[in-house]
Amino acid sequence: MRSTAPGEKDVLSGVRTIATDMARGRPERQRRRHLDRADFDRLSSAGFLRTGIPEEQGGLWRGVSGSVRHYCDLVYAISRGDPSVGLVASMHPTVLVYWMVNDTAPKAFADSWTRQRDWCFQTAQDGHWWGTITSEPGSGGDIMKTMAVVEPNGGGACSLQGCCQSNRNSSPIGAAVALGAQPQAIRDCHSASAAERRSL
């Protein structure tokens, strides 16, 4: 059975259209200190979330040599429209690539690994975005030094709060959080007040 999902070229074309629309509002977007859920809904509708799913499961991932150039083109296009949206969107495939490139595990862990991979890919198929907090200012990319905290806020969604000005330490969360039914993200967190929530 042939997939009816949009192919790489269709996804790139859709993303470029969205980025062109975002670029038209550049002055207003540059003043923002929040992200707009509608941008991510449009990217999802264009097929961008399929960057976090292997081709054999309906996604766009065909291995490093078959996908990285295309993914770079997608993120470049989004960033030309709104660099903050491009940064956050780039996290989705960047986090999920750990499961995409490692399709096997030692025998003792193989079943658990397969279940975890399938769950990760299903979250993307269900419309959930993935992100990372490793770029938090002051952390040096070390998730053990981050001040951001991800907390469930009901209904399967999470809130990302705090940042480098917060007094709270997060527990290690493996650097990845499936951002549930209401995706959350921080924009310009270094200028946010402590524990301020940034919601899409």
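This is a predicted model, so every value here is computed, not measured. Starting from 1, each residue takes its place in the sequence as its number.
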Test side chain to side chain donor-acceptor pair (under 3.5 Å) applied to Asp126 and Gln122, step by step
CA-CA 6 Å; Asp126 292 343; Gln122 187 62 51; 2.8 Å; yes
Could you walk me through whether Val85 and Leu43 satisfy the side-chain contact (heavy atoms from CB on, under 4.5 Å) test, starting with their C-alpha distance in whole Å, then the side-chain angles of each, then the deciding distance to 0.1 Å, before giving a yes or no?
CA-CA 10 Å; Val85 174; Leu43 290 171; 3.9 Å; yes
Let me see the working for Val88 and Phe40 under side-chain contact (heavy atoms from CB on, under 4.5 Å), right down to the final yes or no.
CA-CA 9 Å; Val88 174; Phe40 293 88; 3.8 Å; yes
Check against side-chain contact (heavy atoms from CB on, under 4.5 Å), Glu8 and Leu12:
CA-CA 6 Å; Glu8 283 184 356; Leu12 182 57; over 6 Å; no
Let's go through Met100 and Val97 carefully: what are the C-alpha distance in whole Å and the side-chain angles of both, what is the deciding distance for side-chain contact (heavy atoms from CB on, under 4.5 Å) to 0.1 Å, and is it a yes or a no?
CA-CA 5 Å; Met100 290 189 289; Val97 75; 4.2 Å; yes
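Classification of Arg42 and Asp39 as a salt-bridged pair fails, no side-chain N sitting under 4.0 Å from a carboxylate O.
With values rounded to the nearest 0.5 angstrom, Gln30 atom CD is found 10.0 Å from Glu28 atom CD. Atom CG of residue Leu49 and atom OG1 of residue Thr123 lie 9.0 Å apart, to the nearest 0.5 angstrom. Here Arg69 contributes atom CZ and Asp73 contributes atom CG; the two are 6.0 Å apart, rounded to the nearest 0.5 Å. Asp82 CG to Asp36 CG: the interatomic distance, rounded to the nearest 0.5 Å, is 9.5 Å. Glu55 contributes atom CD, which lies 9.0 Å from atom CZ of Arg50 (distance to the nearest 0.5 angstrom). Here the OG-OH distance, from Ser90 to Tyr76, works out to 15.0 Å after rounding to the nearest 0.5 Å.
Within the 4.5 Å cutoff, the side chain of Pro106 has no heavy atoms near those of the Trp113 side chain. Considering only heavy atoms from C-beta on, Thr114 stays 4.5 Å or farther from Arg117 through its side chain.
Of all the heavy atoms in Gly81 and Arg29, the pair that sits closest is O-CD, 4.4 Å. Between Leu60 and Ser67, the closest heavy-atom pair is O-OG, 3.4 Å. Contact record, Gly131 with Val95: O-CG2, 3.6 Å, taken as the closest heavy-atom pair. Shown here for Gly52 and Ala124, the closest heavy-atom pair between the two residues is O-CB, 4.4 Å. What you find for Ala110 and Ala105 is that their closest heavy atoms are CB-O, 4.0 Å. Residues Gly86 and Ser79 approach most closely at CA-OG, 3.4 Å, considering heavy atoms.
A donor-acceptor contact shorter than 3.5 Å is absent between the side chain of Ser13 and the backbone of Lys9. At distances below 3.5 Å, not a single donor-acceptor pair connects side-chain atoms of Trp129 with backbone N or O atoms of Ser44. Using a distance-only test at 3.5 Å, with no hydrogens or angles considered, a donor-acceptor pair links the side chain of Gln125 to the main chain of Gln57.
A chain of hydrophobic side-chain contacts below 4.5 Å, direct or via other Ile, Leu, Val, Met, Phe, Trp or Tyr residues, connects Val64 to Phe121. Residues Val68 and Ile78 share a single hydrophobic cluster, defined by chaining ILVMFWY side chains whose heavy atoms lie under 4.5 Å apart.
Classification of the Trp130-Trp119 ring pair by plane angle, with boundaries at 30° and 60°, yields perpendicular. Ring planes of Tyr71 and Trp61: tilted class, angle from 30 to 60°.
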